[in-house]
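The block underneath contains the structure these notes are about, expressed in structure tokens.
Atoms within each ligand, like the ligands themselves, are counted from 1 in listed order.
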Amino acid sequence: MIIPSDEIVDKSYIKDYEKLYHDIQEHPEAFWENIAKELSWFKPWNKVLEWKYPYARWFVGGQCNIVNNALDRHQKTAVKDKLAYIWVGQPFDSAQGKEMPVRKFTYGELNTEVCKFANVLKSLGVRKGDRVTIYLPRIPEQYISMLACAKIGAIHSVVFSGFSADALKNRIMDAQSKIVITTDKYPYKDKVLDSKKTVDEAIKDISSVKDVILIKRLKSEAADSNGFQPASPKLQRGEPISTGLNYHWYHDLMSQADTICSTEIMEATDPLFLLYTSGSTGKPKGILHGHGGYMVGVYLTLKYVFNLDSQNQPVNQATSQPGNNSIDDIYFCTADGGWITGHSYIVYSPLINGATTFVYEATPDYPHPGIWWELIQKYKVTKFYTAPTAIRALMRLGDEIPNKYDLSSLKILGSVGEPINPEAWLWYYKTIGKEKCPIMDTWWQTETGMFMITPVPSANLKPGSAFKPFFGVEADLVDDKGNSVPVNTQGFLVIKKPWPSMLLDVYNNPKKYLETYFENESINNQQLTKNNQFLYFSGDSAKKDDDGYYWIIGRNDDVIKVSGHRLGSAELESAFVSHPSVAEAAVIGKPDEVKGEKIKAFVILKKGIQGSDELKTELVKQVRKMIGPIATPDEIDFVDKLPKTRSGKIMRRVLKAQELGQPLGDTSTLEN
Ligand code: WT7
């Protein structure tokens, strides 16, 4: 057990987790209502929570806009001149040496950019409820675009820049987006990636898209010196490329845009964004989040868990005390805006909290594997939030690299995305945090929108455990009938009370919503949930120890977590089967020391086709083409048959047990 210092406890909002948790649990709705009152609303709600199976709606009747809290209200306070973002770009411009561009935005400057871009979107005909796809690398315009959409009530759908044209196409089609925002080209380590080409390919058969907005990340000269043509220099504002489709330079549009834009009044339950994520079956689903509940949930969780300095925030005496940190926090989150961590904890929550967020454009190994530590030293980062896969990769390189830098500004460290093994936890704690920074291992999901199981800085920690549920969250571990399992026993991780930033729905697919989270076939919770009881099925398994600490084991469905990226077996299999030589495929996740899990595929080839190394290479290419480089398979075996049930479903569980030399478990439904 790791006990926090008195200093940490002193500076924490939360001094006594247990007492507060139990007090709140009696009236979680009253608790959330008090928190909601710390934020700005255009009109107060009539009802804090409305639960109509299977939908929970928060702050019903209330009107707000998350951007009113993230930006507008700060314009009248000292936060206006505080930095919202410090962005450091990767070195690239080889013609002029390895300079790293830096861009800083105060809350005032960010607001101006967002207002201008909101006006641009309006001038292109974007209206409340319209969908906008954002396909951008890690540049400030990714955040500006999201906020501009939210400001005018449009629904943003951010697609991670590592997804391929096919994956992008599916996501644009499902959302029926009007606009796509991307770059012409951008640097990725020492390569230049052409995202315009990817977008061109993705939208060539999609009629919903009317406009593409291109942001220039690289100077043309830089691109030239690396053998690339500058992106259509002739491209003029509004120049039609093909009938009904216009390409625009972001910078041209922005130079003519008005700096004043009013913020749309939204119902608390109106949609804010959709974000596609993989499930166990079928195509990725669009997880839909809303303005009101989401903003309350993300606001509070980061504040309490990373103990954000609140000097500049309104304080509600009933629920929180002001932070007494003497310097302002510099909060460094290494996630990409393309994932939920970026949405909740780079964009919305830090801005609502009036914090300064630091972001670095490239990967932790570029231009050298000490870059994160160098940046922490240089910018005096106080709070650092990253993923176990990165910690493990950096740990492997030894202590000498981080030891070269002064990391003494750090106060709190965080982890997210997959279970963190105790060895990596301890390395992070000792070598990076010098045994004085508590580690916040935050368990949550795209669907939950906010931290669900997480420590607070004053908690006693056990390396490898995500501690206990956040305030107002009721978690449990249950068996396949929905009954609680005894301590130290593996069970399905479920949530038993609605929480404010819970997903609103699966976009265009309420059936999927119901069947994934409330009537999941592996748990049989129909009975409970039909009685109007709340039982959210997370898809993870976990254990609870004698002290009530949660130990997350991992997914219990066919979702694979590769370097924290969420991929579905079914989605990977259909990518394999799209290759003309493949008859059938089954994909499983195998443990990997750095990536957490790696992708292993079993492939049946069509009659007459011989397996070869060349074919394996082609199949890897095919999967990268259909999904993207994050889905690169590690191992491919050519096989003659696959274990199936009598109804023809592939039993991936059996394949996995076989592969890992574990007991096969119940094989009574096995056909062969
Ligand atoms: C899945 C959700 C939540 C932001 C990034 C991932 C796994 C997430 C932890 C953690 C163990 C974790 C779960 C979950 N996961 N955080 N701290 N410990 N596992 O979001 O892509 O929606 O993935 O990530 O398996 O279900 P996501």
| According to the interplanar angle, ranging from 0 to 90°, do the rings of Y517 and Y536 count as parallel (below 30°), tilted (30 to 60°) or perpendicular (above 60°)? | parallel

| side chain to side chain donor-acceptor pair (under 3.5 Å) partners of residues 285-298, not counting sequence neighbours, each pair once | Y294-S344

Please report, to 0.1 Å, the donor-acceptor pairs under 3.5 Å made by any side chain of residues 388-395, with sequence neighbours excluded.
| residue | atom | partner | partner atom | Å |
| --- | --- | --- | --- | --- |
| T389 | OG1 | V594 | O | 3.0 |
| R392 | NE | E593 | O | 3.1 |
| R392 | NE | V594 | O | 3.0 |
| R392 | NH1 | N421 | OD1 | 3.1 |
| R392 | NH2 | E418 | OE1 | 2.8 |
| R392 | NH2 | E418 | OE2 | 3.4 |
| R392 | NH2 | V594 | O | 3.0 |

| Near ligand 1, at a heavy-atom separation below 4.0 Å: residues by chain and residue number | I340, T341, V416, G417, E418, P419, D441, T442, W443, W444, Q445, T446, D540, I552, R555, K561, R566

| Centroid-centroid distance, Y331 to Y345, less than 6.0 Å | no

| Between W51 and F534, does the ring centre distance come in under 6.0 Å? | yes

| query | For K656, what residues pass the side-chain contact (heavy atoms from CB on, under 4.5 Å) criterion, not counting sequence neighbours? | reply | I588, E597, L660

